[in-house]
Participant: 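Let me begin by handing over the structure; questions about it come next.
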Amino acid sequence: MIFRVHHVTQYHYDRPVFLEPQIIRLTPRSDPNQRLTDFRMDVSPEPTGLSQYLDAEGNSVVKVWFDGTTQDLVIQSRFLARTMRSNPFEFLLEREEDYMIPLVYPQADMDALARFCAHGPGKIVAASTYTQDVMEAARGETLRFLHGLNQRIYEEFRIVVREEGGALEPDETLQRREVSCRDVALLFVECARVVGLAARFVSGYHSGYPDTRHRRLHAWAEVFLPGAGWIGYDPTLGLAVADSHIAVAAAPTPAGAAAVTGSFRGSGVRSKMKTSLHLDVSRG
């Protein structure tokens, strides 16, 4: 599929502020499943300086910094990208034992995956309880467990739009049941880690549905399976990730995949964020 995207993020402050350096993760990644063919970014006010680099997770980062004060920060990105993976299950796991949980990663993989297996403080209790029934129904089979977890979250939670704020911790997600895509993505990640699977949080874009009027950034999860690599699961939609998703950033925590991270100097300032996303998808 071919994605043509124009994404605008605007922050408005009710009085002039001094912007600290801003970290922007809006550049889609290029990998065997998707190819970025054109990308442009405009930032207003014009930055004093700009640097581009890969962060520790391999995400493409743009860092900008400013002089003077402003009441608005506007970030516009435009890109053209192609997805190539139509079958999300086109893989063979490396060893026979990888089809069963607990999955024991080869030491070379484990050295690189340790951060994607670790739980944050207080997360494991709620996630463990929620995971137990899924694990029993899957009879310890790795792929059945991942499918069952994805479907259970999809069926049990109502997804709503929450423009601001980070992802909720799993215990709060389980209590509310009316949550955002980033909340259920983090829940999936923590539940996968409960059974020893390396998992990470992903931000990006989804093609949506023909009648979708207002599009937004999306979030899902990826799990690392030996012989398959990082495999995506989208509990918001109850789908394994294929060519209808464009990944932008992935990290052990949602904060590491945030589209824009930064702060400002100013006291008693109120701010508002507004986004606009035009996304055109075609078969190609």
Side-chain angles (χ1 to χ4, degrees), residues 1-10 24-44 52 54 57-62 74-91 146-147 150-151 153-154 159-163 180-182 184-185 188 200-223 225 228-251 254 257-260 273-284:
M1 298 179 71
I2 299 173
F3 286 70
R4 294 176 176 84
V5 174
H6 179 201
H7 186 183
V8 181
T9 303
Q10 179 176 7
I24 305 169
R25 297 183 184 89
L26 286 171
T27 309
R29 68 193 188 198
S30 285
D31 59 32
N33 299 320
Q34 65 181 50
R35 183 175 299 123
L36 181 65
T37 56
D38 185 52
F39 180 83
R40 290 178 293 159
M41 179 181 291
D42 298 302
V43 180
S44 178
Q52 297 176 276
L54 295 179
E57 315 304 334
N59 300 312
S60 181
V61 172
V62 176
V74 182
I75 302 166
Q76 295 192 61
S77 61
R78 296 176 175 85
F79 70 81
L80 176 66
R82 181 191 297 270
T83 56
M84 285 89 75
R85 186 174 192 167
S86 58
N87 180 1
F89 303 109
E90 194 171 19
F91 58 81
L146 292 169
H147 172 75
N150 207 36
Q151 284 300 120
I153 295 174
Y154 169 69
I159 303 301
V160 297
V161 174
R162 196 176 79 251
E163 293 282 6
S180 73
C181 62
R182 60 188 178 277
V184 293
F188 186 102
R200 63 186 184 181
F201 182 96
V202 185
S203 67
Y205 302 90
H206 175 252
S207 61
Y209 302 99
D211 60 349
T212 301
R213 294 183 59 192
H214 302 289
R215 299 179 185 268
R216 295 171 176 84
L217 272 173
H218 192 48
W220 60 94
E222 288 180 340
V223 176
L225 301 176
W230 289 103
I231 302 299
Y233 288 89
D234 187 343
T236 296
L237 303 172
L239 299 173
V241 171
D243 59 0
S244 61
H245 291 66
I246 287 281
V248 171
V260 182
M273 182 185 75
K274 183 170 64 175
T275 63
S276 170
L277 175 60
H278 177 76
L279 191 154
D280 179 65
V281 181
S282 60
R283 290 285 175 182

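In what follows, every heavy atom counts, from backbone to side chain, and hydrogens, waters and symmetry copies are set aside. This structure is a prediction, so every number in the text was calculated from the model and none was measured.
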Participant: Do you know the tightest heavy-atom contact between Ala251 and Ala257?
Facilitator: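 Smallest interatomic distance, heavy atoms only, reads CB-N, 3.9 Å.
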Participant: If you round to the nearest 0.5 Å, how far is CZ of Arg78 from NE2 of His278?
Facilitator: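 With rounding to 0.5 Å, NE2 (His278) is 11.0 Å from CZ (Arg78).
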Participant: Nearest 0.5 angstrom please: Lys274 NZ to Thr9 OG1, how far?
Facilitator: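 Answer rounded to 0.5 Å: 11.5 Å.
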Participant: What's the separation between atom CZ in Arg162 and atom CZ in Arg216, rounded to the nearest 0.5 Å?
Facilitator: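 Result: 12.5 Å between the selected atoms.
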Participant: The test is side chain to side chain contact (heavy atoms under 4.5 Å, CB included); show your working for Asp31 and Trp230 and say whether it passes.
Facilitator: CA-CA 11 Å; Asp31 59 32; Trp230 289 103; over 6 Å; no
Participant: Which heavy atom of Pro235 sits nearest to which heavy atom of Val184, and what is that distance?
Facilitator: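 It is CG-O, 3.6 Å.
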Participant: Within the structure provided, determine whether Leu146 and Tyr233 are in side-chain contact (heavy-atom separation under 4.5 Å).
Facilitator: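 With C-beta onward as the side chain, the pair touches.
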Participant: Which heavy atom in Thr83 sits nearest to a heavy atom in Ile246, and how many Å separate them?
Facilitator: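 Reported closest heavy-atom pair: CG2-CD1, 3.4 Å.
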Participant: Is atom OH of Tyr154 surrounded by more than 12 heavy atoms (other residues, nucleotides or ligands) closer than 6.0 Å?
Facilitator: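 For Tyr154, atom OH is not crowded (no more than 12 foreign heavy atoms under 6.0 Å).
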Participant: Is it true that a side-chain atom of Ser77 and a backbone atom of Met41 form a donor plus acceptor pair closer than 3.5 Å?
Facilitator: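 It does not hold such a pair.
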Participant: So does Leu239 get a backbone contact from the side chain of Asn150, meaning a donor-acceptor N/O pair under 3.5 Å?
Facilitator: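 Flag set: sc Asn150 to bb Leu239 pair under 3.5 Å.
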Participant: Quick check: do Arg25 and Ser203 have side-chain heavy atoms less than 4.5 Å from each other?
Facilitator: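 Heavy-atom side-chain distance check fails, nothing below 4.5 Å.
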Participant: Please determine whether a side-chain nitrogen of the Lys or Arg among Arg4 and Asp38 lies less than 4.0 Å from a carboxylate oxygen of the Asp or Glu.
Facilitator: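 Asp38 and Arg4: not salt-bridged.
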Participant: Val43 versus Val74: any side-chain heavy-atom pair under 4.5 Å?
Facilitator: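 They are not in side-chain contact.
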Participant: Can you name the nearest heavy-atom pair linking Arg29 to Ala250, along with the distance?
Facilitator: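 The answer is NH1-CB, 3.9 Å.
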Participant: Between Asn59 and Leu54, is the side chain to side chain contact (heavy atoms under 4.5 Å, CB included) condition met? List the steps.
Facilitator: CA-CA 5 Å; Asn59 300 312; Leu54 295 179; over 6 Å; no
Participant: How far does NE2 of His218 sit from CD1 of Ile159, to the nearest 0.5 angstrom?
Facilitator: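 Going from the NE2 atom of His218 to the CD1 atom of Ile159 covers 8.5 Å.
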Participant: Among Arg283, Met84, Gln34, Arg82, which residue meets the side-chain contact (heavy atoms from CB on, under 4.5 Å) test with Asp243?
Facilitator: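 Only match with Asp243 under side-chain contact (heavy atoms from CB on, under 4.5 Å): Arg283.
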Participant: If you take all heavy atoms of Leu36 and Leu80, which pair is closest and at what distance?
Facilitator: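 Taking Leu36 first and Leu80 second, the nearest heavy atoms are CD1-O, 3.6 Å.
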Participant: Are the side chains of Ile2 and Val281 in touch, meaning some heavy atoms are under 4.5 Å apart?
Facilitator: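 When only atoms from C-beta onward are counted, Val281 and Ile2 do not touch, as no gap falls below 4.5 Å.
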Participant: Could you report the tightest heavy-atom contact between Ala81 and Thr37, atom names first, then the distance?
Facilitator: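 That would be N-OG1, 4.3 Å.
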Participant: May I ask you to check whether Asp234 and His245 show a side-chain donor-acceptor distance below 3.5 Å?
Facilitator: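 Asp234 vs His245: donor-acceptor pair found between side chains.
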Participant: For Tyr205, which residues count as a ring-ring contact (aromatic ring centres under 6.0 Å, His included) partner, sequence neighbours excluded?
Facilitator: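 Tyr205 satisfies ring-ring contact (aromatic ring centres under 6.0 Å, His included) with His7, Phe79 once adjacent residues are dropped.
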Participant: How long is the span from the OG atom in Ser60 to the CG atom in Leu26, to the nearest 0.5 Å?
Facilitator: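 So the gap between those two atoms works out to 10.0 Å.
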Participant: What distance do Phe3 atom CZ and Leu279 atom CG have between them, rounded to the nearest 0.5 Å?
Facilitator: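 Here the rounded value is 6.0 Å.
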